[in-house]
Amino acid sequence: MMLFSLYVQQNQWIVVALLWGAVLVILTCLTYRGMWGPRESEREEESKVKVRGPITFFSWVTTFMPWALILIILGSALYTVTHLYMAATTLPNW
């Protein structure tokens, strides 16, 4: 038991650094959650949104997402489907 105590006392800066690191990670997570959490007015607005199908979902998404990002997502999805189809229909050449 004395050996462990001596080892911790010799390397106490490691223990302190680990504790401070844990404290900073917890503070960062709490700060992030506090900054990006919805406000009361946003909670009320979100409760009013009713999504009932793909058309209302798309109109809801376009209220806050830029068109450039929507086009990038649609283009990526189209490329993925096309690439998978081409890979499935073309035999490998090895």
Side-chain angles (χ1 to χ4, degrees):
M1 195 56 125
M2 187 63 145
L3 183 63
F4 179 72
S5 177
L6 182 64
Y7 177 73
V8 171
Q9 287 176 355
Q10 284 177 347
N11 297 313
Q12 61 188 349
W13 62 274
I14 295 175
V15 176
V16 171
L18 288 173
L19 289 175
W20 271 109
V23 167
L24 289 174
V25 166
I26 290 171
L27 285 175
T28 303
C29 291
L30 290 175
T31 303
Y32 182 79
R33 182 179 171 143
M35 281 175 37
W36 292 102
R39 299 184 193 115
E40 287 299 323
S41 60
E42 292 172 346
R43 287 184 184 151
E44 292 172 4
E45 290 175 9
E46 286 179 1
S47 66
K48 295 176 185 175
V49 174
K50 303 290 186 217
V51 176
R52 294 188 179 108
I55 295 174
T56 56
F57 175 74
F58 187 71
S59 64
W60 172 69
V61 167
T62 56
T63 60
F64 62 88
M65 189 178 289
W67 277 103
L69 192 57
I70 292 172
L71 292 176
I72 288 172
I73 292 170
L74 290 175
S76 297
L78 183 65
Y79 172 77
T80 301
V81 169
T82 306
H83 183 74
L84 287 175
Y85 177 75
M86 295 298 289
T89 57
T90 306
L91 293 175
N93 59 358
W94 61 77

Joint hydrophobic cluster, W13 plus W20, side-chain heavy atoms closer than 4.5 Å: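 Result: no, two separate clusters.
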Non-neighbouring partners of Y85 that pass ring-ring contact (aromatic ring centres under 6.0 Å, His included), sequence neighbours left out: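 Applying ring-ring contact (aromatic ring centres under 6.0 Å, His included) to Y85 gives none.
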Residues which pass side chain to side chain contact (heavy atoms under 4.5 Å, CB included) with T90, listed by chain and number, not counting sequence neighbours: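 Once residues adjacent in sequence are excluded, T90 has no partner under the side chain to side chain contact (heavy atoms under 4.5 Å, CB included) criterion.
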Residues clustered with I26, ILVMFWY side-chain links under 4.5 angstrom: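 I26 clusters with L30.
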Hydrophobic cluster partners of L24 (side-chain heavy atoms under 4.5 Å):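 Answer for L24: none, a lone residue.
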Residues 57-72, side-chain donor-acceptor partners within the protein, below 3.5 Å, at least two apart:
residue, atom, partner, partner atom, Å
S59, OG, I55, O, 3.3
S59, OG, T56, O, 2.9
T62, OG1, F58, O, 3.2
T62, OG1, S59, O, 2.8
T63, OG1, W60, O, 2.4

L84 side, atom CG; T89 side, atom OG1 - distance, nearest 0.5 Å: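 These two atoms lie 10.5 Å from each other.
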